[in-house]
Number of protein chains: 2
Amino acid sequence: MRIGELAEASGTSTKALRFYEDAGLLPPPERTRSGYRDYSPEVISRLDFIRRSQSAGLTLAQIREILEIRDGGQAPCAHVQQLLSDRLADLDRQIAELQALRATVAQLKADATTVDPTRCDAQSVCRYL
Amino acid sequence: MRIGELAEASGTSTKALRFYEDAGLLPPPERTRSGYRDYSPEVISRLDFIRRSQSAGLTLAQIREILEIRDGGQAPCAHVQQLLSDRLADLDRQIAELQALRATVAQLKADATTVDPTRCDAQSVCRYL
DNA sequence: CTTGACCTTCCCCTGTACTGGAAGGTCCAA
DNA sequence: TTGGACCTTCCAGTACAGGGGAAGGTCAAG
């Protein structure tokens with residue numbers, strides 16, 4: 001199948017497909033005599049995997065690592081478990097940071113809505129921040 | 001004061017100061033006869049404001065908006081309150097998204113540690129994702 | 001035979017907040 | 001006068017995941 005068909009079938013764009021090839025996520029496909037890319041239909045499930053992994057927050061670099069292990073003939077199980085653990089730790093850290101920031105901003109906002117605004121000080125630009 | 005002194009006094013870098021000037025956060029300072037930037041000390045409190053605002057998660061573009069209102073002679077109170085409200089809504093949305101993602105990833109990880117890894121399917125690359 | 005839809009490679013652009021470095025000018029002390 | 005520390009402008013690059021568009025080749029239908 002040609003790149004446009006694959007793009008439609010997989011829900012991506014032709015740009016993304018060429019980009020994935022450059023990035024090592026898709027193997028270079030066969031070419032027709034005239035140079036068009038000629039994909040085998042199995043690539044669709046590979047692209048589904050890429051999309052599911054992206055939904056789990058993995059970067060393309062991490063997804064490529066998994067695919068390379070898999071393409072090397074091994075099951076990437078342990079590596080995937082490690083990536084998921086790392087990702088979970090990342091998420092916990094990010095969530096904690098955002099919650100701390102949320103508390104700060106909520107306090108600033110509370111101050112900004114209750115304090116008398118006429119007492120602004122030209123020097124500090126804004127008394128709320 | 002020269003740009004190096006200001007950088008030291010305000011805890012930023014000379015690079016950042018020139019960048020802020022280009023970005024419209026700092027007014028172009030006086031110049032010495034030889035072309036050196038010659039800052040007045042009041043810029044320090046402006047830089048403090050920029051830093052506090054960044055700590056609250058505002059972008060430089062948003063900070064510039066506040067400064068432009070202030071520089072226009074008005075108190076930016078209402079605008080700041082709006083920005084803080086928007087920021088709070090942003091944070092709530094981001095936190096909710098991350099928590100949903102965290103639940104998904106936690107489920108994937110749980111599956112990955114309990115399911116028999118020998119039943120991998122070559123077609124789908126990895127049965128956990 | 002020509003039109004239009006598709007394909008190729010190529011390079012630049014997006015947003016964020018800067019950092020690094022090159023090439024050259026300035027200032028002050030020894 | 002020379003050296004080093006400072007300053008100037010401008011160009012390029014960082015990470016991420018592609019998007020936009022140019023210039024040109026290809027294929028099937030009318």
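Bear in mind the structure is a predicted one, so any value in this text is a computation, not a measurement. In the text below, chain A, chain B and the rest are named by the order of the sequence lines, each starting its count at 1.
The distance between atom CZ of B/Arg64 and atom C1' of C/dT16, rounded to the nearest whole Å, is 13 Å. Remark: P of C/dT9 and CG of A/Leu17 are 13 Å apart, rounded to the nearest angstrom. Spacing between atom CG of B/Asp22 and atom P of C/dG15 amounts to 17 Å, rounded to whole angstrom units. Between B/Phe19 atom CZ and C/dG21 atom P the separation is 19 Å, expressed in whole Å.
Between B/Arg2 and B/Glu5 there is a salt bridge, since at least one side-chain N of the basic residue sits less than 4.0 Å from a carboxylate O of the acidic one. Taking 4.0 Å as the cut-off between side-chain N and carboxylate O, A/Asp38 and A/Arg31 do not count as a salt-bridged pair.
Clustering ILVMFWY residues whenever any of their side-chain heavy atoms sit less than 4.5 angstrom apart, transitively, puts A/Ile95 in the very cluster that holds A/Leu84.
Counting only heavy atoms from C-beta on, B/Ser13 has its side chain closest to C/dT19 among C/dT19, D/dC7, C/dT8. If you check D/dG21, C/dG20, C/dC27 against the side chain of A/Lys15, the one that comes closest is D/dG21.
Close to D/dT9, at under 4.0 Å from its OP1 or OP2, lies a side-chain N or O of B/Arg37. Regarding contacts with the backbone of D/dC27, a side-chain N or O of A/Ser34 is found under 4.0 angstrom from either OP1 or OP2. The phosphate of D/dG18 has OP1 or OP2 within less than 4.0 Å of a side-chain N or O from A/Tyr20.
Among the atoms of the strands shown, only primed sugar atoms or phosphate atoms (P, OP1, OP2) are found under 4.0 Å from some heavy atom of A/Arg31. Contact annotation for A/Thr59: backbone-only contact, meaning every heavy-atom pair under 4.0 Å involves sugar-phosphate atoms and none involves a base. Contact annotation for B/Arg18: base contact, defined as any heavy-atom pair under 4.0 Å involving a base atom.
Taking all atoms of both residues into account, the shortest heavy-atom contact from A/Arg87 to A/Gly57 is NE-O, 3.0 Å.
Sequence order on DNA chain D of the closest nucleotides to A/Tyr36 and A/Gln54 puts A/Gln54 first from the 5' end.
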